[in-house]
Amino acid sequence: MNVPAPQPALRRVLLGLLLLLLLGLAYLVLRPFLAAVAWAVILGLSTWPLFERLRARVPRHPGVAALLMTLAMALAFMLPALWLGVLLRDELVRALAEAGTRLAQGDWRLPDALARLPVLGGLLQDLLRDMTSAQAASRWRSAPWSTQAAEQVFSLLGGAGRNAAKFGFALLTLFFVYRDGQRGLRQVQAVSRHLLGPRVDAYLQAAADMTRAVLWGLLATSLVQGVFAGLGYWWAGLAAPVLLAALTALFALAPFGTPLIWVPAGLWLLLQGHIGAGVGLLLWGLLVVSWVDNLVRPLVISGSTRVPFVLVVFGVLGGLAAFGLVGMFLGPVVLAVLFAVWREWLEESRLDRAAGDAGAETRAGPADSAAPGDPRQG
């Protein structure tokens, strides 16, 4: 007995349902690794020009080139993290010990300029009195507490423990991104062109350009802000300028995050009575450190992608709130693709209007050119 074949429309519906089911199951299987895959793709896109130069030196061995590039990326992350972790561990212990010593010096008084502030001056003085009590000072001076806090920071910055597996999966994925990236990109382009037409090339290019621009823009901005902030901390005489500079660079990954470090540091100096150093550090942070964010980031991101800087800021902040750290890249990429679609629609609309105007002029040309007295009349 022959079973009748399903109708073409029904067959397409069944194939669509099967594809949705498979995509849902694939998401459940790959969900624990999506963050690692996303980071690997981001790093691969951002460093692809460097990989192409390396691959040109060993054209017959793409796997060797991919392995060398992956190892280079691993060392680029691990060695600075380990060095910085050891350095910050020592500086954090010294900073906490110095804070405990200063708090134990006795009953602190606010500087007169702060103490005379209405309402706020009294509240600040009460808060300072509670912080400088004997119990608070003994907690600050406690060596086990200081060491425990230092170990926690060292664990977070060192990339050890629970994040080691994710880092390993990201490196493993990065190797295959380097080795098979071009082949995978051609497959994505083929499927995308089948669904959306040739215009998809502009969307993919916009996503790749924005990913590179965001990564290098964030790194450049955070490093420059960390260096400038570290100079300010060193000039102000703070106990752990490298620690504070590293924290400033870390917070600089989020837009407008650096004041969370240099503002408390400046207030700490003011509370100690170092009015000149405190005011100088606050002015340095406001006029130099924060303005680096307004100069370097737009120059690197907006200048290379033609996307308005306000969209980049909204994309970074919104993506960070929606997807976590990887959202700092996904948010701007989504807005960049949307902006590319918008520009393409505007261009198509302009071309359609130009074609319509040209057609109207062509149709109206013979009638308009036959002026009174023209031999073509009659």
Side chain to side chain contact (heavy atoms under 4.5 Å, CB included) filter on T173, not counting sequence neighbours, yields V37, A40, V177

Can you tell me if W235 has over 12 outside heavy atoms packed within less than 6.0 Å of its CH2?
yes

Do L286 and L282 have side-chain heavy atoms sitting under 4.5 Å apart?
no

In this structure, CH2 of W284 is separated from CG of L231 (nearest 0.5 Å) by 6.0 Å

Rounded to the nearest 0.5 Å, the CZ atom of R179 sits from the CZ atom of F51 at a distance of 10.5 Å

Here the pair of heavy atoms bringing A277 nearest to A236 is CB-O, 3.9 Å

Nearest 0.5 Å, please: how far is CG in L174 from OG1 in T70?
4.5 Å

Q225 side chain vs A249 backbone, donor-acceptor pair below 3.5 Å
no

N/O donor-acceptor pair under 3.5 Å between W262 side chain and L281 backbone
no

Partner residues of V64 under the side chain to side chain contact (heavy atoms under 4.5 Å, CB included) criterion, sequence neighbours left out:
H61, L68

d(L218 CG, T221 OG1) to nearest 0.5 Å is 6.5 Å

Rounded to the nearest 0.5 Å, how far apart are OG1 of T258 and CG of L247?
12.0 Å

Quick check on ring pair (Phe, Tyr, Trp, His ring centres under 6.0 Å): which of F169, Y27, W39 does F33 satisfy it with?
F169

Do S222 side-chain atoms and L219 backbone N/O form a donor-acceptor pair below 3.5 Å?
yes

Is there a path from V333 to L45 through hydrophobic residues (I, L, V, M, F, W, Y) whose side chains come within less than 4.5 Å of each other?
no

In terms of hydrophobic clusters joined by side-chain contacts under 4.5 Å, are L260 and L238 together?
yes

Partners passing salt bridge (Lys or Arg N to Asp or Glu O under 4.0 Å) against R55 (at least two apart in sequence or in another chain)
none

Do L43 and F77 have side chains that approach each other closer than 4.5 Å (heavy atoms only, starting at C-beta)?
yes

Tell me every residue that passes salt bridge (Lys or Arg N to Asp or Glu O under 4.0 Å) with R183, counting only those two or more places apart in sequence or in another chain.
D180

Using the test side chain to side chain contact (heavy atoms under 4.5 Å, CB included), find all partners of L71 that sit at least two apart in sequence or belong to another chain.
L67

In terms of hydrophobic clusters joined by side-chain contacts under 4.5 Å, are W216 and W48 together?
yes

At their closest point, which heavy atom of G278 faces which heavy atom of L269, and how far apart are they?
CA-CB, 3.7 Å

Indicate, with yes or no, if V289 and L270 share a hydrophobic cluster defined by side-chain heavy-atom contacts under 4.5 Å among Ile, Leu, Val, Met, Phe, Trp and Tyr.
yes

Minimum heavy-atom separation for G226 to A245, with atom names?
O-CB, 3.5 Å

Is there a path of hydrophobic side-chain contacts, each under 4.5 Å between heavy atoms, that joins L283 and W268?
yes

Less than 4.5 Å apart, side chain to side chain, heavy atoms only: is that true for L21 and L25?
yes

I'd like to check T248 versus F228 (side-chain heavy atoms, cut-off strictly below 4.5 Å). Are they in contact?
no

Any side-chain heavy-atom pair from F175 and M73 closer than 4.5 angstrom?
no

Are L18 and L22 close enough that some pair of their side-chain heavy atoms sits under 4.5 Å apart?
yes

The criterion is side chain to side chain contact (heavy atoms under 4.5 Å, CB included); which residues satisfy it with V263, sequence neighbours excluded?
P259, L267

